[in-house]
2 protein chains.
Amino acid sequence: MTGTPRQLAREQTMRDIVRIGREQLASVGPADLSLRAVARELGVVSSAVYRYVRSRDELLTLLIIDAYDEMADEVDAALADAPTAPRAQLHALASAVRDWAVREPSRYALLYGTPVPGYDAPAERTTEPGTRVVMSLIAILEIAFAEGHVEHEPRRLARSVRRDLDAIRREYALTMPADLLSRGFAVWSGLFGAVSFDVFGQYGPGTFSDPAAFFEHQVDALADLVGLS
Amino acid sequence: MTGTPRQLAREQTMRDIVRIGREQLASVGPADLSLRAVARELGVVSSAVYRYVRSRDELLTLLIIDAYDEMADEVDAALADAPTAPRAQLHALASAVRDWAVREPSRYALLYGTPVPGYDAPAERTTEPGTRVVMSLIAILEIAFAEGHVEHEPRRLARSVRRDLDAIRREYALTMPADLLSRGFAVWSGLFGAVSFDVFGQYGPGTFSDPAAFFEHQVDALADLVGLS
DNA sequence: ACACAAATGTGAGCACTGCTCTTGTTTTCC
DNA sequence: GGAAAACAAGAGCAGTGCTCACATTTGTGT
């Protein structure tokens with residue numbers, strides 16, 4: 001299990017690099033993330049870091065995966081602790097996302113803010129961790145639908161949209177109708193819209209004295225969107 | 001009206017700087033915006049630009065105001081052309097925002113993406129242009145409410161939230177109830193959540209073959225949120 | 001056990017960035 | 001015309017990502 005000392009040292013160094021990058025990110029924002037600063041903190045000359053991380057973009061990828069996973073882990077934990085009523089589950093998921101985002105604004109920005117220019121995340125490494133939360137959301141909706149906890153009046157869909165949604169339904173073996181799934185996506189984007197406005201201060205300073213309470217109402221509205229009881 | 005040649009030249013140069021900055025932004029993203037590159041394009045040495053623009057942040061401020069205004073202008077134009085039915089007006093507003101955002105992703109990112117680290121927009125200059133769109137949205141809702149075009153069942157609000165919303169209602173002399181205004185904010189954040197997901201590619205490539213059509217459904221959902229008819 | 005190869009760290013260097021400061025030039029105003 | 005203000009130039013500082021030649025350490029096959 002344990003490899004050579006050199007392998008162990010390498011793994012430790014990789015962990016250190018991600019840790020330092022994460023700390024840097026907390027204080028400086030994605031665009032100003034500096035490999036040289038990481039090297040300094042690591043007590044090593046700047047070029048040495050390139051033995052471990054191909055480029056700054058590679059470091060970003062590592063931090064993105066790290067952040068997606070931590071957020072999703074906290075969502076999972078919150079869902080496990082919450083009552084099983086679908087509306088309660090949705091609130092638990094939403095609050096977990098918001099709490100994490102408020103606590104880690106830079107890392108949240110890395111995931112859901114402006115894509116870092118000139119960088120595109122390698123899909124094969126970030127897709128899986130990046131979809132965990134929305135998968136949880138869809139799962140909540142799917143279970144609620146199966147158990148009859150969603151009041152939903154059918155709506156017409158454009159053909160292309162229906163086709164795309166049906167493809168998703170097939171891929172994940174969903175029983176809920178396509179128009180409900182469409183609403184589920186609206187909840188998803190609405191959720192992250194609300195969190196982003198909150199975290200990025202789009203409401204303006206001092207507009208809401210208790211942002212968390214206001215956020216709860218926003219989530220309530222989203223729950224109504226899919227008729228959750 | 002027309003000042004000295006020097007004043008005219010200065011105004012022209014300022015316009016050129018904003019124009020070049022806008023062009024740069026289109027190809028490079030907010031964080032990589034370079035004053036030196038602007039100077040090069042302007043055919044002048046880098047330090048000369050500082051005669052016109054105090055710092056890179058100052059240039060960002062100019063570009064932010066420029067972008068807010070252009071987006072709001074297009075929204076206004078779209079609203080003027082659209083049918084007066086509130087739901088049609090909402091669709092017109094939403095589509096105008098999305099169209100502009102898709103056409104100008106970097107400038108959209110400047111407004112609604114990650115705040116540029118270390119930079120905070122001077123409120124006294126960006127607040128007014130930055131609130132034009134949401135003002136239009138609230139106006140649509142207010143008129144729809146006044147004319148009885150909104151079916152809305154009252155909802156309880158947390159005290160602090162009600163207090164904040166009442167302050168806003170007073171400030172803008174709104175007749176709609178606070179809980180409807182709350183829903184209006186949900187529409188607002190939901191709208192920009194949907195646009196951001198769309199523009200920033202959060203759905204993943206190829207998920208939706210006709211993103212514009214899907215977006216329409218998202219807006220439909222948001223319209224239901226405030227019971228627009 | 002020893003040699004060879006792979007992995008790791010060093011330091012110099014390139015081209016770029018934002019920004020400052022001194023120096024010289026041009027335009028405006030009295 | 002001459003003083004004052006505005007402007008442009010160029011050098012320079014500290015920082016960035018990244019590459020490369022070189023030295024050192026570590027792992028492995030014979």
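Note that the structure is predicted; figures quoted are calculated from it, not measured.
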Asker: Considering residues at least two apart in sequence or located in another chain, which fulfil the side-chain hydrogen bond (donor to acceptor under 3.5 Å, both in side chains) criterion with A:Ser196?
Answerer: A:Tyr108

Asker: Report the distance from atom CG of A:Asp32 to atom P of C:dC16, rounded to the nearest whole Å.
Answerer: 20 Å

Asker: Between D:dA9, C:dT20, D:dC7, which nucleotide has the shortest distance from any of its atoms to the side chain of B:Arg51?
Answerer: D:dC7

Asker: Does any donor-acceptor pair link the side chain of B:Arg56 with the base of C:dT17 at a separation under 3.5 Å?
Answerer: no

Asker: Who are the side-chain contact (heavy atoms from CB on, under 4.5 Å) partners of A:Tyr50, not counting sequence neighbours?
Answerer: A:Leu35

Asker: Could you work out, with side-chain contact (heavy atoms from CB on, under 4.5 Å) as the rule, every residue matching A:Ser160, not counting sequence neighbours?
Answerer: A:Arg163, B:Ser209, B:Asp210, B:Ala213

Asker: Take the protein atom OH of A:Tyr50 and the nucleotide atom P of D:dT16, then report the distance between them rounded to whole Å.
Answerer: 11 Å

Asker: To the nearest Å, how far apart are B:Gln24 CD and C:dT17 C1'?
Answerer: 12 Å

Asker: Using whole Å, what does the distance between atom P of nucleotide C:dG18 and atom CG of B:Leu60 come to?
Answerer: 10 Å

Asker: Starting at the 5' end of DNA chain C, which residue's closest nucleotide do you reach first, A:Val44 or B:Arg40?
Answerer: A:Val44

Asker: Quick one: list whatever passes side-chain contact (heavy atoms from CB on, under 4.5 Å) with B:Ala82, sequence neighbours left out.
Answerer: B:Gln89, B:Ala92

Asker: Any side-chain N or O of A:Tyr52 below 4.0 angstrom from OP1/OP2 of C:dG9?
Answerer: yes

Asker: Looking at residues at least two apart in the chain, or sitting in another chain, which of them share a ring-ring contact (aromatic ring centres under 6.0 Å, His included) with A:Phe215?
Answerer: none

Asker: Compute whether any side-chain donor of one residue and acceptor of the other, for A:Gln12 and A:Arg15, lie under 3.5 angstrom apart.
Answerer: yes

Asker: Hydrogens and angles aside, do B:Ser106 and B:Gln24 bring a side-chain donor and acceptor to less than 3.5 Å of each other?
Answerer: no

Asker: Rounded to whole Å, please give me the gap between CG in B:Leu8 and P in C:dT28.
Answerer: 9 Å

Asker: Between A:Arg6 and D:dT25, does any side-chain N or O lie under 4.0 Å from OP1 or OP2?
Answerer: no

Asker: For nucleotides 11-13 of chain C, print each protein N/O atom paired with a nucleotide N/O atom at under 3.5 Å, atom names and distance only.
Answerer:
residue: C:dG11; atom: O6; partner: A:Ser47; partner atom: OG; Å: 2.6
residue: C:dG13; atom: O6; partner: A:Arg36; partner atom: NH2; Å: 3.4

Asker: How many Å lie between CG on B:Leu35 and C1' on C:dC16, as a whole number?
Answerer: 14 Å

Asker: Provide, to the nearest angstrom, the distance between the CG atom belonging to A:Asp57 and the C1' atom belonging to D:dT16.
Answerer: 14 Å

Asker: Just how far, in rounded Å, is P of D:dC7 from CD of B:Gln7?
Answerer: 10 Å

Asker: Heavy atoms only, 4.0 Å cut-off, all strands: where does A:Leu33 land among base, sugar-phosphate and nothing?
Answerer: sugar-phosphate

